Each structure stands twice: as C-alpha cells, then as structure tokens.
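Notes to accompany the following structure.
Lettering of chains follows the sequences in order, A, B, ..., and the numbering in each one begins at 1. Only a predicted model underlies this, so the values are computations on that prediction, with no experimental measurement involved. All values below come from the heavy atoms of this structure, side chains included, with hydrogens, waters and symmetry mates left out.
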Amino acid sequence: MKQQLPIALVFIFGLFMVFQYFVPHETSEEAYEFLLDWIVIIGIFALGLGIWSLIKVNWDKIAEARRNNTREWFYPCVTMAGLLMIIIPGFYGTKDGVSGFYFLSSEGLQNSFFRQLFNYIIVPAQSTMFALLAFYIASAAYRAFRARNILSTLLLGAALIVMLRFNPYIGPLSPIFADMANWLLNVPNLAAKRAIVIGIGLGVVATAMKVVLGIERGYMGKG
Amino acid sequence: MTRRLLSGVLMGLVVCLACNASAQSDSSQMATQVPAVSPPAPVTNLTAKDTENDHGHSITLRWTKSLDDGAGTGAVLKYDIYRHTTDGGPDSLVGFVASGESKWEHQGSREKEANDYIPDYTNFWYRVDAVTVDSSVRSAATVVGPVQSSGQWYNTGRTVVLIFVLGFGFATLFFVTHAKKGKDLYVRPLAGLEAVDDAIGRATEMGKPILYVLGLGTAADIATIASFSILGRVAKRVAENKTDLIVPCTDPVVFAVAQEVVRSSFLDAGRPDGYKEDMVYFLTQNQFAYVGAVNGTMLRERPATNIYMGKFFAESLLLAETGASAGSIQIAGTDEVAQIPFFVVACDYTLIGEELYAASAYLSREPLLLGSLKAQDLAKAAVLIIVAIGAVAINLDWPVFKELFKVVN
Amino acid sequence: MTLFDKMMTLDRRWIFLFLAVVCFITYYGKFQIPIPVNSEVRSVYNKIESLPEGSIVFLGIDYDPSSQAELHPMTYAIMEHCFRRKLGVLTAALSQNGPGMAEQVFMDVVDSMKLPREYNGVEYPARDIVKGVDYVFLGYKPYFSLIILGMGQNFRIPFPADYYGTPLDSIPMMQGVNNYDQVAFVCDLTSGNIADAWISYGQSRFNFDMALGLTGVMAADYYPFLNSGQLIGIMGGLFGAAQYEQLADNAGLAKDGMRVQVFAHLVIILFIIIANVGFFMSRRKQGN
C-alpha cells in the first residue's frame, strides 16, 4: 500500500493534468485552479519541514562541538541567529496604527528593521556572491581555454570574437567582430541550442510520461 | 454704342458685386455651419456565435466591413457593438473596435459577481453600428440573435499536440513491451555515468565523503526528478561501500523526497543502520546563500567526489570552481543550456541535456526504462524529418504544411 | 620551472587581484564609452514608445539582489520610460527577494518623476506617480509557473489583493483589467528559469506581446524564441541595459558599468593569451 498509493495518486493527478490541457470548459479550469492552490499549500507545509531540518542539523552541530569541546559551535550559532533575526522581525508590524506581532498578514514585511536587514545585509551579501562569478570566470577561462586541438581552438576563437564585439576600442575590427558574433550567435549557436532544447523537450515529455505511468519511481526511492 | 458699353460695364459691376456679396455670405455661413456628414454604409453579413475552444462566457462577432471603411467616403471611424438581452428590447453598448476591424470577441468574466459576467446558455442579441467622426451620425446593422455562450469540452486547436502525445505514448508502450520480451536495446556509453562508480570507489579509498547537489529546481522539475533516480543509485552504492554522503537541499519538498530516497536506498542495500538523519538536510531557498553554504561545506569537508545533477543557474560556476579548487572529482548534469558550458569547463564529466534524463535508464538497465529511451529516439527522428520537410515547404512556399502543425491556444 | 611553465600555472589569486584593480580603476575613471544599439533592444524600446497613453504594461521583476547589477538598471530605465509615456505599470515579483527589488525601484523612480526632464529632445514635466492609479504592485507568491497560469485566467486568482493588502477590485488602475488580454505588453526581468515559465505557460498559452530582460549569460539561450516570434525583443545583461538607457536618453548605472565590463573582458582575454602562449611554448619545448 505504501508503494501503490503514491503511484496511484501520481497516475490519477498526472492524467488529469494532461487531459486538462485539452479541455477548456470552466469545470476543468475550476478543478485545475483548486489543484494549483493545493500545490502552494503543500509547499508551505514542506517549508516547515525544511526549517525543522535546518534547526536540528545546526543544533546537533552545536551539541557535538560542546561535547567534544571544540570551537565548531560558532558558525551554527550564527546560522540560527540569522534565521531568528529574519523570522521574528518579519512578524512585527503596524496595522491601523497598532504595532504588534501579526502572523496572518504581511505588515511585518514593512517593518523598518526587517527592511534594513534586507537592504544592508541580504542585498549586499547576494550581490557579492554574484560578483564572485566575474573572478571565477576569469580563472576558469584561464585554466580551460587552451588551444589543445582544432575543436578547442574554434571554441577559443568564437569566445574571443563574442567577447570583443562590444568593445569600442578595437577600431576597424569592431563592425567585423560584431557581424561575426551575430552570425555565431544566430546560426551555429542557435542551431546547437535548438537541437539541445528539442532533445530536452522530448526528454521532459518522456520522463513525465514515465512518472505518470509509474515506470519511473526514483522519486520514491525505488528504482 | 457708348450707352450700351456703359450699361454693360454697369451690369458687369452689379453682377460682380452681387457675386461677391453672395460669396461672403456663403463663407460666413460656412464658418458657423458643421459640414454635413452623411451616414456611412452599414456593416453586412453580421454573425454572432459562441467563441470556439474556450471556457464559455464569450461570444464572437464577425462582419463584413462597411463600404465606407477605408473606401467610399472613408467616413467610418469605429464600430460600436450593442447587446440586447431580449428580442427587440433595450440595448447597451458593450464595446467598440477601430475601423478596419471585422471581428470582435465579447469576453466576459466567469465570476457571477463581476461587472462583466456573461452567463452561459442565455440568449443575447447583437448589433454593430458603423460610426463616423460625429458620433450621432451612424448606421446600424440588422440585429442578429439569439446567441448563447457555452464552454467546450475539447479544444480542437490542440489536436496536433494530442496526436503527438498519443503517438509518443504508444511508441513508449511498444518499445517497453519490446524490451520486456528480453530484446537487447543498445544505449551509447555516457562517460559521466560510467565515471560515477569509479568516483564512489575513489571516495571510499580516500575515506572522504561524496557531495551530491540536487540543484535549485523544485520537485516538479523533471531534471530534479531525474536527479532523484541518480541519487537513489548513488546512495545505494554509498551504503554498500560504507562511505559518507552529504546532500544539501534548497527546496523543502525536494529535501523531504531526497531524505526518503536516501533512506530507502540504505534499506535496499541492507544497511539501514548506516543512514544518518544529517546526511540530507535543508539549507535555504535563497540561491546564493545556498551556494555560500555548499562552498563552505566543500572547503571544510573536502569531499572526494562532487556530483551536481539537476537544475542549476548562475551558481553553477561558483560550485564547480570551488570544487575544483578543493581537489574533488566532479560529475555534473543539467538541462539548463546556459550552464552547460560552465560545467564543461570546470567539471571532469558533464551530462548534457537529455543525457540527464537517460541516466536512470542507463544506470539501472531496466527494460521498462530503456524502452522509453528508444521511444524518445524515435520521436526525435520524427521531429528531424518534420523539420526537414518543413524547411523545404517554407522555401517552396507551401503554407499547407505549416498550417498542418498550427496550434491554436 | 621556466617562464612559460609559470605562465601556464599562474596562481589564480594573481588573476583575481589584477582583475579587481582594473575594475576599480575603470569604475572611478568616469569616462564615457560609445554604446551601439542592436535590433533586439530597439524593438523593446519601440514597442513601449508606440503604446498609446493609458495602456497597461506588465513588468515582472523576478530577480534577486544577486542579479541587480545587471537587471536593476534595465528596470529603472523601462519603468521611467513607461511613466514618462503615461502608461500604467502592473508589476509582480515571482522571485523570493523580488519585492525588495521592486520597492526600491518604485521608490527611486517615483522620486525621479518629481523632476521635469528632457529625453531625446522632448520635455517631460514633473508628475506625481500615484500608487493604484499609475502603478500596481501585486507582490510575491511562490510557484511562479502556477502564478503565471493563474494570472492568465484572472489576476485576482493568485493576487486577490496587492502587495499592500488593497483588494484589486478597489484599485482604480485595475478596473476592467482582468488578465493578459487587457495588458498591452509584458516584459519579464529575470535571472532564473522564470523566463522559461513565462514563455511556456504565459506567452505560448495566452499569446501576448512579450520581451525579456535577462542576465548576459542567459540572453544567448533565448534567441530561438526571438527568431520564432514568441519574443519581440531581448535585453541581455548590462550591455542590454546600457543600450536601453542610450535609446531612452536616460544615462544611469548601466552606462557606468559598461566601462568596467569592457576592460574586464580585455583582462580575461589577456590571461587567456598568456595561458596559451605558455601552453604552446611549453609544448614546443617538450617536442624539442
């Protein structure tokens, strides 16, 4: 039963969603909207599970560090403090002039402390992580873009042309590189991407069909 | 003669003065009068029908444009659409379209409380007026009706999609049945998947853990579902080899499923005691916070093998470069086309696009899964043939072929 | 170890340091570089420019602070262009931190609109931008594919009220605006797979005019959709944003950032050349 019930549910709802695409009647639409709402509800309950996992893992790390008398308790504490610092102010807001904790509405998101945490910690931290990409691209390009054979030389040449197309300092080569880069992007790049996308599209349909028909059961832990 | 000449000149002067006065009088009258606009020709062949392939609450009106729309006097500015709720009863303006148009959909809300609700299975009558610059000058067409709106139970515009879905489904079932009969189905070698076993062995020998990253997709993404299959097999090998496994998750639903997958794999391998709750854990849904945490794990734990399977975005290079600097063997697979180059550059093995979906069939060699791979290949061949014929058809200007595959939404 | 071997095995921290110094110098150098405009961005600009006053433009602000360097300038430029043209702006944020990004943009653009400006020779007087009349911000909901589908039925299904809790039915700008049929143009600004969802579940299903604003890395992937007509334009990365600023005559962060990007690319090319010279010379030496 533990195996048959999920397979049966996946089959019924999967088949319904397939047929719903072909049935425009409002009864079908209403059922579809009902299911959309339930997906959101399930996701929110799963978030509670996730937060519990995060707390448990970090709590265990702190307990183990104290047991072994090491200093590895520090960063798990930082993680837990960060979690609480965002959650608690996010519930404290002002509604109709009355300040307090509001758990069923979004007044807390307008809370100035919450906004400051977002603007001065989260935004710069995320931007910094993304900015690291520029440096990693430089080091990855340095390590990988070697003209070892004809194919890698072609790749290197194409990369140089596309990088230089926006460059205003290459003088008379600028329009030539721009044209070549446009051709590279719109012809071979597009052809290759379309081929990959068609393959992916068919793979998605095939995998979805396998999941709906119960052939693919990896998500249940069973092959 | 002089007298005649004089009287002629005098007559001429009088006539001129009279004309002048008359012209001035006319122009002064013109300055105060709006030029008369004659009513335009009405629209003809007005039809009102239920809109096709919709959920109801919509009526489509079609007509032949007025003869004075873009031709004739060119006086038509717009068309006003009126609706009657009873035959011969009062009407109300429900919409308008600019001149040049010959079709309009009266779309209403599905909600009874909405102002623009159009009830289904209720008679309505429609009229279209051709209207000029002066809105009082217009011509009304004959009222048509009664017409009722209703929802359809099948969207005929999507028949082509249905044919392909059914065709693909039958092909899958055919090859699956074929495979179940014991026929050997060839699948080309995938270096990335062949390396998984070696990578797990390497981790066991070095006594270091394996890091498995499911990507940033949700459990609804097919790439994540494919990744669960690979995770199951990796976890089973990890359980058999008694190696450590680290699976950080970014989506809570994915976390719940991954936990179950790993636990079941350890059970299947006969080592339920080897499974630790902390192996699979949730971090955060935030992309770069997740990457920061995983990078920290890589640099602290120094896993021997990093496996990235699923949906990845901008963080792909951050993960792969950090893993490379930590000295791990890296196997990646994603269907995100933009991230494939980064994985190719920074990882030892990469599965591109649909190779990720083929992974579960490849690793298990189960006839059911291999059969569906064959159906995929057949569908790809069919698409190639259709694309080739389509390219020829477009170049030879055969619109019939293109119309054959038209999907109306 | 010869010089050429060292060139091939340079510690990546030297690359990071050199790149950082070049970025710093070019950012504070304050010189202008020419920005050529391509057709993909021009068509987005022309589309907004051609919309009659009072039309509704849907802006999807679907990115997180990590992508704000590339996408924020685009959002600023487009939003100000829409307000100057007196178009209504309907916005939703389908990524987690999108509301924060959206609020920042609204705050800054609303302030900017309080000053009279001249763009492309046209004088735009100062104007008060009023929430609910000139713009509506629907807010954030998870599971973006479902939200895009839901909005196609009616905006009120996923968003019964706006981000500030006002029911959509009582918002002046939302009167008669039910779904994408009443929206003249959709522009999604994103750095993740939300773009795929907009194309698959939005444009393909509901057939509206759509353009994308993407990070530079992603832009190349969406040319197939541009060629097939599913998109009318693409703005890719900082360069796309700089082009839009150029067209709108509204110089901002993107034009400043292009200076840094151009020279950063030159640094990457320089290191690739160094590595390849080292590679070839080492190989020749081994061959000898």
Problem set entry | Rounded distance (nearest 0.5 Å) linking atom CG of B:Asp335 with atom OG1 of A:Thr207 | 9.5 Å
Seminar exercise, completed: d(B:Lys276 NZ, A:Asp60 CG) to nearest 0.5 Å is 12.0 Å
Exercise. Checking side-chain contact (heavy atoms from CB on, under 4.5 Å) for the pair A:His25/B:Gln152: CA distance, chi angles, key distance, verdict?
Worked result: CA-CA 5 Å; A:His25 199 274; B:Gln152 279 70 56; over 6 Å; no
Beyond-backbone contact of [X] with [Y], side-chain heavy atoms, under 4.5 angstrom:
X	Y	answer
B:Asp278	A:Lys61	no
B:His55	A:Glu29	yes
A:Phe22	B:Val161	yes
B:Tyr281	A:Leu54	no
A:Val211	B:Ile225	yes
A:Leu132	B:Glu321	no
B:Trp153	A:Thr27	yes
A:Leu202	B:Glu354	no

Exercise. Taking atom OH of B:Tyr154 as the centre, does the number of heavy atoms from other residues, nucleotides or ligands within less than 6.0 Å exceed 12?
Worked result: yes
For this session: For A:Ser53 and B:Phe282, indicate whether the former's side chain and the latter's backbone hold a donor-acceptor pair under 3.5 Å.
Result: yes
Taking all non-hydrogen atoms of both residues, which atom of [X] and which atom of [Y] are closest, and how far apart?
X	Y	result
A:Ala46	B:Pro252	O-CB, 2.9 Å
B:Val383	A:Ile198	CG1-CG2, 3.9 Å
A:Gly43	B:Val253	CA-CG2, 4.2 Å
B:Gly169	A:Met209	CA-SD, 3.5 Å
B:Gln376	A:Gly203	NE2-CA, 3.3 Å

Problem set entry | Close contacts, residues 138-161 of chain A versus chain B, judged by heavy atoms under 4.5 Å | A:Ser139, A:Ala140, A:Arg143, A:Ala144, A:Phe145
Side-chain polar contacts of residues 118-127 of chain A - donor-acceptor pairs under 3.5 angstrom, sequence neighbours left out - could you list them?
unit_1: A:Asn119; atom_1: ND2; unit_2: A:Arg115; atom_2: O; d: 3.3
unit_1: A:Gln126; atom_1: NE2; unit_2: B:Asn286; atom_2: OD1; d: 2.9
unit_1: A:Ser127; atom_1: OG; unit_2: A:Val123; atom_2: O; d: 2.8
unit_1: A:Ser127; atom_1: OG; unit_2: C:Pro65; atom_2: O; d: 3.1

For this session: Give the intermediate values and the outcome of side-chain contact (heavy atoms from CB on, under 4.5 Å) for residues B:Thr322 and A:Tyr136.
Result: CA-CA 9 Å; B:Thr322 308; A:Tyr136 278 14; 3.6 Å; yes
Problem set entry | Aromatic plane relationship, B:Phe288 with A:Phe130 - under 30° parallel, 30 to 60° tilted, over 60° perpendicular | perpendicular
